[in-house]
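Each chain gets a letter, A, B and so on, in the order its sequence line appears, and its residues count up from 1. Nothing here was measured: the structure is a model prediction, and the numbers come from that model.
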Number of protein chains: 4
Amino acid sequence: MNEKRERTKQQILAAAIDVFHENGFQRTRISDIVAKAGVAQGTFYLHFQSKEQIFHHICSEFKVLFLSLLDDAADLFTGASIEAIREKLFVFIRELITLFTANYKMARLLFVEGNSNGGQFNGVYENIYAEFIERIGKHLLNGKNRGYLAFEDAETAATFLIGLFDSSLFYFMRVKNHFNIDKLSRRMTDFMLNGLSR
Amino acid sequence: MNEKRERTKQQILAAAIDVFHENGFQRTRISDIVAKAGVAQGTFYLHFQSKEQIFHHICSEFKVLFLSLLDDAADLFTGASIEAIREKLFVFIRELITLFTANYKMARLLFVEGNSNGGQFNGVYENIYAEFIERIGKHLLNGKNRGYLAFEDAETAATFLIGLFDSSLFYFMRVKNHFNIDKLSRRMTDFMLNGLSR
Amino acid sequence: MNEKRERTKQQILAAAIDVFHENGFQRTRISDIVAKAGVAQGTFYLHFQSKEQIFHHICSEFKVLFLSLLDDAADLFTGASIEAIREKLFVFIRELITLFTANYKMARLLFVEGNSNGGQFNGVYENIYAEFIERIGKHLLNGKNRGYLAFEDAETAATFLIGLFDSSLFYFMRVKNHFNIDKLSRRMTDFMLNGLSR
Amino acid sequence: MNEKRERTKQQILAAAIDVFHENGFQRTRISDIVAKAGVAQGTFYLHFQSKEQIFHHICSEFKVLFLSLLDDAADLFTGASIEAIREKLFVFIRELITLFTANYKMARLLFVEGNSNGGQFNGVYENIYAEFIERIGKHLLNGKNRGYLAFEDAETAATFLIGLFDSSLFYFMRVKNHFNIDKLSRRMTDFMLNGLSR
DNA sequence: TATGAATGAGTTTTCATTCAT
DNA sequence: AATGAATGAAAACTCATTCAT
C-alpha cells in the first residue's frame, strides 16, 4: 500500500519535472502534470501542497545532490604540483558536468527557471549560488596561498569560474544533443587554470 | 498631440520594464503596468497589442543597442601586438558592461527571463545568444590565425568567454549595489586572454 | 463483533455532533468527523450513507426525545386550578429545558442550523416546529375553554410561547456557561401564564 | 459612468439577497448571483471582494436600519400611564415588524442564517443581538422603576421579549403569505405587557 | 486619444465519495 | 469490518482583453 503510494508520488514528480522543463513553471498547469503522470487531479494534492511546493521539492532534491558533490571537493586547488591540481580540478568538473547532464531538467529548473520569474524562487537559487561561490572562493585562496594560482580577488575569480561553468554548460546541454563530457571538462579545466595563472 | 501620445507610450514602457523586472513576465499584470504608468487600463492597448508584444518590444530595444555594440567590435582580437589586443578587448568589455549596467533591467529581462519560461521567449534569447557566440567565435579565429590565441574549438572558446561574461556580470549586478566597472573589465580581460593562451 | 461495530458508529456520531456544532453543516468535512472519531475515511460510509444522512440521523435522534416529551404533556393547561396548571407547565418547561441543555449541540443543530441553510434541512425543522405549535395550540384551547387562559387566536398564542421558549433558551445556553434551570423555568412559566391572562 | 457602475452594484446586491435567501449562504454560488444579476462572473469581483464580504455588506445594511429604529425607542416603557406605555410599545413593535417584513430576506439573512453556519458569521449576529437585549433591558428597568413593570431580572425579561418577538415574527413571515401587522403588533404588545405585570 | 467598467475563459484547490487491499 | 489512496466534479477567483463613452 505504502509502496504504491510512493510510486504514485514518483510518477507525479517525474511528470512535473518534464512539464516544468517543457513549459516553465508559470505556464504548467496542475492538469498538465497529472495528465502526464496518469493520475487524477486530486491525487496531486495528496502528495504535494501546491505547484510552488513541488517546484521547491524538485529544486531541493537537486540541491542535495549538488551540495554533496561540493562537499567532496574540499581540497580542490590543493596538491603537490600544478599538474596534480589540474587533474583534481578536471575530475571535479567532470563529476559536476556528469551530474548536471544526468539531471539536466532538474538542474535547469534550479539554475535557470529559479533565477528568473521575478523573485518567486530566487531564495533557493541565490542561496545555492552563494554557497557555490563561497566554497570555490575558499578553495581558490588555498591555491593562491600555495603559489599555484594568481588573482586579485577570490570572489571575483570564483564568480568567473562558476559563471563560465554554468553558463557554458547550459548552453551546450541546450544546443547539442550529445557532447563529449571528457573533452569539455578538459577544455574547461585548462581555460580556468590558464585564466588564473600569471 | 503626437508628442503627448509618445510620452504616454514611454511612460508605459518604463513602467513595464520596472514591473517585469520586479515580478517576472508571468506575474506582472497589465493592471500593475498601467497603475505604475498612471494611465488607464485601456490605454495600454492603444500602444501595445498584448503583454507578449510589449515584452518583445523591450527585448528588441535592448537587442538593437547590444548588436550595434557587437558591430563596432568587428576587428576584435586583431591587433599589432597582444597588448594592443588586450586593450581593444578591455575597451569592448567595458563598453558592454557599461551598456548592461545602464540598462540592467532590460538586459536581465532578455538574458535571464528570456532564457527561462519554457520556451515562451526563447526565440529572442536564443537568437541573440547564438549571434553573440557566432561573432565572438569568428573574431577568436582571427586571433588564433594571427597566433595570438590558442584554443581547439572556436565555438567552445566563445561559449566560455560569453558564459563567463554574462553569468558573472549578472551576478555582480544583482548582489553588488555598485562595483568598479574598470576594475571588473580589466580582470575579465586578463582572465580571458590568459585562458586563451598556451 | 457487532458490539464493536456499534461502538465505531457511536464514535462517529459523537464526533459528527461535535464538529457540526463547531463548524456548521456545510463547513464540516467528512475528514474532520473521522479524524475526531479516530477512524478511517472509508469507515464513515460503512455506517452512514452521506453527510446529509448523518445530519438527518442526528436530528431525528433528538426529534424522538423531543416528541416523547411532548406526548407526555397531553393534559397541559388542564387542571383543577390555575395553580395546578402553573405547576404542570413549570414541570413541563423544566423537562424541556433539561432535555435541551443535556443535548445542547443536537438541539442547536435541529433548531438553528436546520432553520437556516436555504431549505436544505428545512423539512425536518419545519415539520417539528409545526408539530410543536399545533400541539401547544391544542393544549391552549383546552385552557381557554376551561376559562383559565385568555387569547384570541391559539396559533398566535402558541407561536408566542414557543418563540419565547426556544429563542431565549438558545440565547442563555449560548451566552451563559451555567444557569439555574429551576429559576429560568419558573420565570418562563410566570411570564407565559401572565401573558395569557386577561 | 459612475451612475451605471452603481446600478450594476445594486443589481448584484439585489440578486445576492435573493439567492442567499433561497439557497443559504454556503449553497449559493457566485455564478448564481451573477446569473440572476445579469452580469459576468468577473463583474462581481469589481464590486465585492468575496462571497463573505457581500454577505457582511448585506447584513450591515440591515443592521443600520435596525439600529436606527432602536435609537428612536429611547424612552420606551416611559410614560404617563400604563396605557401610554402600551401605545408607545405598540407603535415601536409595529415599526419593527414593518421594517422586518419590508426587508424580510435581509432580516432573515442576519437573524437566522447569521445565527447558524458554525460561527462563520456569528460575530455580526451576536453583536446585534447583544445590542438589542442590552437596550431593551435598560428600557425595561425604567418601566420597573416607575412601577409599571414587574420582573426579577432585566436581562431575562429582555430576552423573553426579544425571543418572543423575533422567533414568532419569523415564523409568521415564513408560513403566512400575508398577515395583519396591526393585529400581530397589538397581540404582541398585550402579551408582553401582561407577561411583565404582577 | 484616453478612460475604466465589463467580460469570460482559464486555473487552482477542495472534498464527498468510491474502491482495491 | 476497516483502511486510506485515489477520484473528479465543482467552485472561487484572476486577469488579459474588449468596448461603449
Side-chain angles (χ1 to χ4, degrees), chain A residues 1-9 12 26-34 37-52, chain B residues 1-2 4-9 26-35 38-54, chain C residues 1-2 4-9 26-35 38-54, chain D residues 1-9 12 26-34 37-52:
Chain A
M1 193 78 142
N2 220 316
E3 195 183 308
K4 193 181 170 219
R5 182 182 159 86
E6 185 57 28
R7 213 181 320 135
T8 301
K9 184 172 183 175
I12 294 172
Q26 298 281 1
R27 299 182 355 130
T28 90
R29 287 162 269 145
I30 301 295
S31 62
D32 296 332
I33 297 176
V34 296
V39 299
Q41 191 90 349
T43 306
F44 177 90
Y45 291 92
L46 290 178
H47 297 278
F48 303 97
Q49 284 151 33
S50 65
K51 209 169 73 158
E52 274 77 16
Chain B
M1 195 64 141
N2 218 316
K4 174 136 186 267
R5 179 180 159 84
E6 185 56 27
R7 213 180 320 133
T8 302
K9 183 171 184 177
Q26 298 280 1
R27 293 173 11 121
T28 89
R29 287 164 263 149
I30 300 295
S31 64
D32 295 334
I33 296 175
V34 295
V39 300
Q41 192 92 349
T43 306
F44 178 90
Y45 290 90
L46 294 178
H47 296 278
F48 302 97
Q49 285 151 35
S50 66
K51 205 169 82 156
E52 273 78 14
Q53 195 252 316
I54 195 177
Chain C
M1 195 64 140
N2 218 315
K4 175 138 184 266
R5 178 179 160 83
E6 185 57 27
R7 214 181 318 135
T8 302
K9 184 172 182 175
Q26 298 280 1
R27 296 176 5 125
T28 89
R29 288 163 264 149
I30 300 295
S31 63
D32 295 333
I33 296 176
V34 295
V39 300
Q41 192 92 349
T43 306
F44 178 90
Y45 289 90
L46 294 177
H47 297 277
F48 302 96
Q49 285 151 34
S50 66
K51 205 169 82 156
E52 274 78 15
Q53 195 251 316
I54 195 176
Chain D
M1 193 78 141
N2 220 316
E3 194 183 309
K4 191 179 171 221
R5 183 182 159 86
E6 185 57 27
R7 213 180 320 135
T8 302
K9 185 172 182 177
I12 294 172
Q26 297 281 0
R27 298 182 356 132
T28 89
R29 287 161 269 145
I30 300 295
S31 64
D32 297 332
I33 297 176
V34 295
V39 298
Q41 190 93 349
T43 305
F44 177 90
Y45 291 93
L46 290 179
H47 297 278
F48 303 96
Q49 285 151 34
S50 65
K51 209 168 72 156
E52 274 77 14

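Residues passing the salt bridge (charged side-chain N to carboxylate O under 4.0 Å, His left out) test with Arg27(C), sequence neighbours excluded: none. Take Arg5(D) and apply the salt bridge (charged side-chain N to carboxylate O under 4.0 Å, His left out) test, not counting sequence neighbours, and it matches no residue.
Taking CD1 of Ile33(B) as the start and CD of Gln41(B) as the end, the distance is 9.5 Å to the nearest 0.5 Å. Summarising the geometry, atom OG belonging to Ser31(D) is positioned 11.0 Å from atom CZ belonging to Phe44(D); distances are rounded to the nearest 0.5 Å. How far CD1 of Ile12(D) is from CZ of Arg7(D): 13.0 Å, rounded to the nearest 0.5 Å.
Distance Arg7(C) CZ to dA2(F) C1': 14 Å, rounded to the nearest Å. What separates CD1 of Ile33(B) from P of dC15(F) is a distance of 13 Å, to the nearest Å. Taking atom CG of Asn2(D) as the reference point, atom P of dT3(E) lies 16 Å away to the nearest angstrom.
Taking the C1' atoms of five terminal pairs at each end of the helix from dA2(E)-dT21(F) to dT21(E)-dA2(F), the two resulting helix axes are inclined by 10°, rounded to 10°.
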> Using a cut-off of 4.0 Å between protein heavy atoms and nucleotide atoms, how would you tag nucleotides 13-21 of chain E 5' to 3' with B, S and -?
Replying inline: BBBSBB---
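Here side-chain hydrogen bond (donor to acceptor under 3.5 Å, both in side chains) pairs that include residues 45-54 of chain B, with residues two or more places apart or in two chains, are Glu52(B)-Gln120(B).
Between Thr8(C) and the phosphate of dA2(F), there is a side-chain N or O to OP1/OP2 separation shorter than 4.0 Å.
Residue Gly38(C) is the one, among Gly38(C) and His47(A), whose nearest nucleotide of DNA chain F lies closer to the 5' end (criterion: closest heavy atom).
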